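Below, chains carry the letters A, B, ... as their sequence lines are ordered, and counting in each starts from 1. Predicted model, so just to flag it, every value in this text is computed and none were measured.
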Protein chains: 4
Amino acid sequence: MNGFELRKERKRESIRHAAMELFGTYGFGKVSIKDIARKAGVSHVTIYNHFNSKEELVNDVVRTEIERLVEKSREIIDSESDFLEKMNLIRFSKVGLASRYNGEVMKAAINNSPETYEYIDKLWREKINKLLVELIEEGRRKGYISSDISQEAMLLYFDMIRAGAFASVETLDRIKIDAKLADDLNRLFLYGLIDKKD
Amino acid sequence: MNGFELRKERKRESIRHAAMELFGTYGFGKVSIKDIARKAGVSHVTIYNHFNSKEELVNDVVRTEIERLVEKSREIIDSESDFLEKMNLIRFSKVGLASRYNGEVMKAAINNSPETYEYIDKLWREKINKLLVELIEEGRRKGYISSDISQEAMLLYFDMIRAGAFASVETLDRIKIDAKLADDLNRLFLYGLIDKKD
Amino acid sequence: MNGFELRKERKRESIRHAAMELFGTYGFGKVSIKDIARKAGVSHVTIYNHFNSKEELVNDVVRTEIERLVEKSREIIDSESDFLEKMNLIRFSKVGLASRYNGEVMKAAINNSPETYEYIDKLWREKINKLLVELIEEGRRKGYISSDISQEAMLLYFDMIRAGAFASVETLDRIKIDAKLADDLNRLFLYGLIDKKD
Amino acid sequence: MNGFELRKERKRESIRHAAMELFGTYGFGKVSIKDIARKAGVSHVTIYNHFNSKEELVNDVVRTEIERLVEKSREIIDSESDFLEKMNLIRFSKVGLASRYNGEVMKAAINNSPETYEYIDKLWREKINKLLVELIEEGRRKGYISSDISQEAMLLYFDMIRAGAFASVETLDRIKIDAKLADDLNRLFLYGLIDKKD
DNA sequence: AATGAATGAGGGTTCATTCAT
DNA sequence: GATGAATGAACCCTCATTCAT
């Protein structure tokens with residue numbers, strides 16, 4: 001990347017950043033291109049020069065965000081920690097990543113145009129789920145996870161928990177603040193609602 | 001209710017119905033009053049005559065939907081079934097209720113304007129959570145649920161699972177179609193991800 | 001008028017009354033038929049049954065108001081008072097009549113649709129000006145008013161003073177409250193701005 | 001002002017001009033933004049780009065108009081003419097300025113929304129009345145105006161005459177056409193209605 | 001005679017996007 | 001490459017008026 005392209009990429013990044021924050025706070029639908037332009041300190045037409053439409057900007061922002069999440073998860077999975085430890089880290093890493101605006105971004109993404117949703121969903125499955133499958137496989141190999149529950153169900157379960165946690169910023173905030181609550185939830189996630197007696 | 005009021009309520013219901021379907025499919029923000037009017041086969045002004053603004057229509061639709069859900073849940077909880085049975089029924093009843101548009105409606109509701117969100121959230125907590133608390137209490141009394149996990153965490157867990165399931169129509173559809181999947185998820189929900197070896 | 005027509009006229013009067021107050025407070029344009037109906041405690045369609053359109057209602061209200069003013073002025077002019085006394089009374093009677101809403105009604109009338117304006121203007125000339133001409137003639141006969149100023153100019157002058165006073169409610173209020181101010185204005189009206197020395 | 005700003009100001013001016021004419025003819029309330037856009041030959045959105053709302057456009061138009069009036073009056077008052085001459089010029093200058101749409105603009109302004117009215121009223125008092133006070137003071141110093149009539153009353157009198165003259169376009173037209181009428185009115189204004197016999 | 005239901009026309013405003021400089 | 005100007009489409013909402021009971 002020469003100086004030219006570097007400057008260009010820097011401007012793109014600053015637009016993306018402004019967009020990300022606004023999308024996170026107000027949702028995709030409520031944020032206008034002009035809002036983003038104002039926050040990024042450029043003309044709104046400049047946004048069209050760099051990204052071709054609002055939809056492309058949204059896609060770009062979301063892709064970037066997911067890639068960051070993938071990177072983080074990758075590190076955890078490839079680390080030397082124990083399986084249960086990784087499981088916690090993954091879930092906490094997500095939660096950790098999900099600072100105020102992250103949760104909102106995902107939440108908004110879910111509710112966007114069908115096309116955008118398809119796009120995000122595909123990305124998610126290709127990248128995040130691939131990582132989770134690896135983790136689950138490790139769990140099975142090490143005997144933590146019973147093999148009579150399908151991988152599909154586990155992925156879905158993971159997804160549901162994740163979507164549930166991300167559905168409300170308030171939820172995330174409560175989890176982050178209240179350690180006992182986080183611990184309880186983790187236990188429910190790992191060992192279920194029912195008290196196995198005997 | 002005399003003839004006048006009956007016809008009026010019928011018209012209100014038909015508008016609500018059209019609104020419900022559209023909100024469910026496209027989300028609150030994407031559906032205009034005129035869209036609803038077209039679908040309901042009335043002038044859009046008629047909608048304003050019956051509901052005073054878009055926000056009031058949204059609230060009305062959501063309230064109605066939640067009330068239906070409450071009623072259904074109430075029946076289950078008050079029934080004579082065994083606790084685990086009730087648990088399943090509740091979860092299935094929700095899922096069952098959540099035909100295509102139901103899931104979307106809730107999904108959209110989550111993502112709406114702060115005011116509307118507050119409104120829904122309050123309704124939810126007052127009505128649905130009250131029912132769940134009853135059920136959890138019953139679980140505890142009957143020894144199914146360990147008492148060292150806070151009620152708060154359990155409600156949140158329930159909520160997360162629910163929000164997660166409702167987050168994607170596709171998810172709901174898969175659950176409804178695939179009995180093995182539904183069963184696996186139920187086991188994960190009740191007994192957790194980790195295989196307790198003993 | 002039999003009982004039937006009496007009840008009918010009473011209803012018309014109550015609608016007129018509600019309309020008058022609202023027009024006075026908010027101006028013709030800002031008051032809707034439904035506003036009037038609400039205030040009069042009838043259905044808005046009832047207004048259409050009694051008056052055929054908003055314009056006709058406006059005309060009716062204005063006509064009524066002017067007729068009241070004419071009646072009051074007539075009494076003054078036909079009274080036994082001295083000319084200057086009558087002059088004062090007329091001006092004060094107008095001002096007196098112009099309690100908050102009267103001034104506004106006239107003000108609003110001036111700014112209404114061309115047709116309505118024409119209508120009011122015609123009424124005004126036919127009724128109020130006719131009275132003023134009588135009064136001016138009396139002034140001339142009794143030697144108060146010089147005859148080398150045209151009647152037309154005097155009428156216009158009167159009109160300007162009246163329109164000016166009515167243009168702002170605030171003005172009317174100040175005049176009513178401040179006796180010295182009222183007196184000064186009267187002197188300016190009768191003897192002019194310039195101090196005739198000699 | 002560079003080329004950019006010049007073109008911008010020109011467009012603003014053309015919109016203002018179209019708005020002014022329409023407001024003058026039909027009143028603020030009756031003229032829609034789209035009407036103005038049509039007359040100015042631009043999209044109605046362009047108006048929103050230059051002025052932010054209808055209210056701001058109205059305020060801008062009125063401010064501009066008053067500023068023009070102030071400028072003209074300032075010239076007269078600062079000139080070398082005799083006091084009575086200035087008095088006439090001022091009144092005629094106003095009348096002269098009040099070509100068809102001017103009178104209507106003021107008339108409409110009087111009847112507008114409370115906020116806009118407040119705004120105009122303040123401007124008027126700060127600018128126009130300040131000039132009049134200067135003129136009245138000059139009249140007093142030079143012995144034309146008796147000092148036992150309060151300044152307040154004189155300003156109000158001036159205002160009433162002005163408002164009266166401006167209340168009806170027809171009035172202004174008659175004054176402009178008929179020299180004898182203008183002269184008579186001037187005499188009434190300066191020397192009053194009553195023939196002071198000595 | 002009185003009313004609630006229903007509507008077409010229109011008002012102010014915002015937005016994503018294109019044009020011209 | 002960056003920008004201000006311009007716009008068509010759409011949105012929420014209100015109003016005077018007519019229809020059906």
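- Between C:Thr46 and E:dT3 there is a side-chain polar atom (N or O) within less than 4.0 angstrom of OP1 or OP2.
- Rounded to whole Å, the distance from CD1 on C:Ile33 to P on F:dA16 is 6 Å.
- Atoms CZ (B:Arg38) and P (E:dT7) sit 14 Å apart, rounded to a whole Å.
- For the residue pair D:His17 / D:Glu13, no side-chain donor-acceptor distance below 3.5 Å is found, with atom types taken as modelled.
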Handout entry: Paired and unpaired positions of DNA chain F as dot-bracket, Watson-Crick or G-U wobble under 3.5 Å, | denoting a partner strand
Key = .||||||||||||||||||||

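- Both C:Val31 and D:Gly41 lie near DNA chain F, and the one whose nearest nucleotide falls closer to the 5' end is D:Gly41.
- Comparing F:dC11, F:dT17, F:dA9 by their nearest atom to the side chain of D:Val45 picks out F:dA9.
- Between B:Asp60 and B:Arg63 no salt bridge is recorded (no basic side-chain N to carboxylate O distance below 4.0 Å).
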Practice task
Mind running side chain to side chain contact (heavy atoms under 4.5 Å, CB included) on C:Val42 and C:His50 for me, showing each step along the way?
Solution key: CA-CA 11 Å; C:Val42 298; C:His50 284 284; over 6 Å; no

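- Although no hydrogens or angles enter the test, the distance criterion places no donor-acceptor pair under 3.5 Å between the side chain of C:Lys30 and the main chain of D:Gly29.
- Electrostatic pairing of A:Glu9 and A:Arg16 counts as a salt bridge here, judged by a charged N lying under 4.0 Å from a carboxylate O.
- Checking E:dT7, F:dT3, E:dT3 against every side-chain atom of C:Val42, the shortest atom distance belongs to E:dT3.
- Here D:Lys11 does not reach the OP1 or OP2 of F:dG4: none of its side-chain N or O atoms lies under 4.0 Å away.
- In this structure, the CD1 atom of D:Ile36 is 17 Å from the P atom of E:dG10, given to the nearest Å.
- Panel note: side chain C:Asn59, backbone C:Glu56; no donor-acceptor pair is recorded below 3.5 Å.
- At the heavy-atom level, C:His44 lies under 4.0 Å from base atoms of the strands shown.
- Looking at D:Asn49, its side chain comes within 3.5 Å of the base of F:dA6 through a donor and an acceptor atom.
- The CG-C1' distance, from D:Asn52 to F:dG4, rounds to 15 Å in whole Å.
- Nucleotide E:dT7 holds its C1' atom 12 Å from the CD1 atom of B:Ile47, rounded to whole Å.
- For D:His50 and F:dA6, the NE2 to C1' distance is 8 Å, given to the nearest whole Å.
- Under 4.0 angstrom from either OP1 or OP2 of F:dC11 there lies at least one side-chain N or O belonging to B:Ser32.
- The side chain of B:Lys54 sits closest to F:dC13 out of E:dG12, F:dT3, F:dC13.
- Among the atoms of the strands shown, none is found under 4.0 Å from any heavy atom of C:Lys8.
- Nearest-nucleotide positions on DNA chain E place C:Lys34 closer to the 5' end than the other of C:Lys34 and D:Asp35.
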Exercise for the section: Check the pair D:Val58, D:Phe51 against side chain to side chain contact (heavy atoms under 4.5 Å, CB included), reporting the backbone distance first and the verdict last. Expected result: CA-CA 9 Å; D:Val58 167; D:Phe51 306 84; over 6 Å; no

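- Counting heavy atoms from C-beta on, the side chains of B:Ile33 and B:Tyr48 come closer than 4.5 Å.
- In this structure, D:Arg7 places its CZ atom 13 Å from P of F:dG4, rounding to the nearest Å.
- If you measure from atom CZ of D:Phe51 to atom C1' of E:dT14, you get 18 Å, rounded to the nearest angstrom.
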